[in-house]
Amino acid sequence: MVNYPANPDPALAVAAAIDLLVRQGYDATSVDDLADAAGISRSTFFRKFGSKEDIVFADHDRILGRVQESLSGTTADPLRAVVDAALLVFGHHVGNWRTSLARYELLHQVPALRDRELVMTHRYQRAFRNHLLSALPEGESREVTAVAFAASVVAVHNSVLRQWLRAVSAGEHVTGAGDEARAWRDAREAEAEELAARLGNELGALADTFARVSTGEAGSDAAGAASAPGGRPAVVVAVLDPAAGTERILQAVRDALA
């Protein structure tokens, strides 16, 4: 009889399962194979992860829970709280970059999994939107601001993350425990830190843009006006192409709010 750990580390189980799916192929890998790779029994696999598709995104469920906990307990500015939550998600992905990269490659191998990825994206966006709806000051534009900012933050976050994953995926990989492998891993970690700082700056600028518009709208309301100078709405929803680059997304939002 195989003795499985009583409390297996879910992060290690997810990483092992996704790595196996990439190497062996999604359709060719059974639940028994995944349970063995994760070091757990078949019954524990179903109890903790559900299905083969579920384990691919299991870490998203955990980080979403952390996001919701962070937002529910914050007293920070609502827009900045959402930025911090998005950076928490980004930090998880780059901190577990091997799993993130393996999942990125798996999604390219199995296009059917992308629908599930979209569902996860909408769950993050809904969490951001719901926090903003509960935390922003009451006003006619509160719902529009919540929807627009939540969508914009998710779009920018995903754009930056995918750029980084594409670059790492396309680059030369060095594995093992030698000096060259360690130097390669250190370089990737340094890139991730720089990218996190860049994302923080870009999302901060986005929050400032929305905050200025909200302030301008408040001033207009006080004067009895319902729109921004020039007769344009003070808040505009921008429909963003998920494939657009970060700069295009940010510029589209700035143009819409100009």
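Source: prediction; values computed, not measured. Below, all heavy atoms of this structure are taken into account, side chains as well, without hydrogens, waters or symmetry copies.
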Expected output: side-chain [X] to main-chain [Y] donor-acceptor under 3.5 Å:
| X | Y | value |
| --- | --- | --- |
| K52 | L21 | no |
| R103 | V56 | yes |
| S141 | V144 | no |
| T121 | E117 | yes |
| T209 | A205 | yes |

When rounded to the nearest 0.5 angstrom, what is the spacing between [atom1] in [X] and [atom2] in [Y]?
| X | Y | atom1 | atom2 | value |
| --- | --- | --- | --- | --- |
| K48 | S43 | NZ | OG | 11.0 Å |
| I18 | T99 | CD1 | OG1 | 5.5 Å |
| L64 | F57 | CG | CZ | 13.5 Å |
| Q68 | Y124 | CD | OH | 9.5 Å |
| S70 | H131 | OG | NE2 | 8.5 Å |
| F128 | L79 | CZ | CG | 12.5 Å |

Check V156, V83, V153 against E202 for a side chain to side chain contact (heavy atoms under 4.5 Å, CB included) and give me the one that passes. V156
Could you tell me if the side chain of [Y] sits less than 4.5 Å from the side chain of [X], heavy atoms only?
| X | Y | answer |
| --- | --- | --- |
| Y104 | L161 | no |
| W164 | E191 | yes |
| F149 | L206 | yes |
| L165 | H93 | no |
| V82 | L132 | yes |
| L113 | H108 | no |
| H60 | R116 | no |
| R123 | D61 | yes |

Give a yes or no on whether [X] atom [atom1] has more than 12 heavy-atom contacts from other residues, nucleotides or ligands under 6.0 Å away.
| X | atom1 | answer |
| --- | --- | --- |
| Q24 | CD | yes |
| R114 | CZ | yes |
| E69 | CD | no |

Report the residues that fulfil side-chain hydrogen bond (donor to acceptor under 3.5 Å, both in side chains) with S72, sequence neighbours left out, ordered by chain and then residue number.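 None.
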Closest contact, heavy atoms only, [X] versus [Y]:
| X | Y | value |
| --- | --- | --- |
| A146 | L136 | N-CD1, 4.3 Å |
| A17 | I55 | CB-CD1, 3.5 Å |
| T74 | A81 | CG2-CB, 3.8 Å |
| A196 | L87 | O-CD2, 4.0 Å |

After noting the C-alpha distance and the side-chain angles of L20 and D33, does the key distance pass the side chain to side chain contact (heavy atoms under 4.5 Å, CB included) rule? CA-CA 8 Å; L20 180 63; D33 293 333; 3.9 Å; yes
Mind running side chain to side chain contact (heavy atoms under 4.5 Å, CB included) on F49 and L34 for me, showing each step along the way? CA-CA 11 Å; F49 301 110; L34 294 174; over 6 Å; no
Less than 4.0 angstrom from a charged side-chain N to a carboxylate O is my criterion; do R98 and D19 meet it? no
